[in-house]
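First comes the structure, then the notes that go with it.
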Amino acid sequence: LQPLDDWFRDLMVSIENGLLTFLAQVFNFAGSVWITVPLRVGVAGLLWARKRWEWLTVWVASIVISEVSVTIFKALYDRPRPLDPLVSTTGSAFPSGHAVAGAVTVVAFVIVFLPAGPHRRIWELVAVGFAFFMALSRTYLRAHWLTDVIAGTLLGAAAAVGVAALVHLWWLRNRASPEEVAADAGNAS
């Protein structure tokens, strides 16, 4: 896959300009620990305060599984990053931690705060768009290869969706009273 990664890196270099670099750096900051950690803790605190135990479990487990997975994959693959990044980088390239964090956070956010159904679709598309632009920004900044961000985005989204499905099934079978099931079906926030 390296020829594809090289071609895409060259494409990103060919379109570099001030505005795109600024926008990519905004996404770089949005995916940093300075933003993701307070957001994640704040959402967990809100879910805890509202006693939304099923959704708190989804939120925390999605994040933990995605972060542990990133650490394991980076250690296993130890892939070098592209040369001459436009931002400071550390560690291995595969998979992209920013792409994982962006995808798991926005997808899990939509899952835990918006009830399933057609009204949630627009927010699902917004989450997909955010994850796409986060991933694209990482390649533009030469912090990652295209395949790093594809894998990271898929890993983050899969963690959120997979955990939500498993927790919801377990919750319905083992924990929820009929009143909780009815309340969760009507309002996930």
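Note that the numbering runs from 1 along the sequence shown for the chain.
Separating the CG atom in Leu155 from the CD atom in Glu67 is a distance of 9.5 Å, to the nearest 0.5 Å. One distance of note links CG of Leu136 with CE of Met12; it measures 5.0 Å at 0.5 Å rounding. Here the CG-CG distance, from Asp6 to Leu146, works out to 11.0 Å after rounding to the nearest 0.5 Å.
Shown here is Leu1, whose CG atom has no more than 12 heavy atoms of other residues, nucleotides or ligands within 6.0 Å. The number of heavy-atom neighbours closer than 6.0 Å to CZ of Phe8, taken from other residues, nucleotides and ligands shown, is above 12.
Proximity of a side-chain donor or acceptor of His98 to a complementary backbone N or O of Asn28 within less than 3.5 Å is detected. A donor-acceptor contact shorter than 3.5 Å links the side chain of Ser66 to the backbone of Ile63. Using modelled atom types, no side-chain atom of Trp55 and backbone atom of Phe113 make a donor-acceptor pair closer than 3.5 Å. The backbone N or O of Leu114 sits less than 3.5 Å from a side-chain atom of Arg120, completing a donor-acceptor pair.
For the pair Leu86 and Gln25, the tightest heavy-atom approach, listed with the atom from each and the gap, is O-NE2, 4.0 Å. Across Ser92 and Asp78, no two heavy atoms sit closer than the pair OG-OD1, 2.7 Å. Contact detail for Arg142 and Leu83: the closest heavy-atom pair is CD-O, 3.8 Å. Closest heavy-atom contact between Gly102 and Phe130: CA-CE2, 4.1 Å.
Ring-plane geometry between Phe94 and Phe73 is classed as perpendicular, the angle between the planes exceeding 60 degrees on a 0 to 90 degree scale with a lower cut at 30.
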I would like to know whether Arg79 and Asp148 meet salt bridge (Lys or Arg N to Asp or Glu O under 4.0 Å); could you show each step before the answer? CA-CA 9 Å; Arg79 185 180 194 193; Asp148 300 338; 2.7 Å; yes

For Trp59 and Arg40: C-alpha separation, side-chain torsions, deciding distance, then whether side-chain contact (heavy atoms from CB on, under 4.5 Å) applies. CA-CA 8 Å; Trp59 181 255; Arg40 290 170 170 185; 4.1 Å; yes

Go through the steps for Leu4 and Trp145 under the test side-chain contact (heavy atoms from CB on, under 4.5 Å), then give the verdict. CA-CA 9 Å; Leu4 172 65; Trp145 303 102; over 6 Å; no

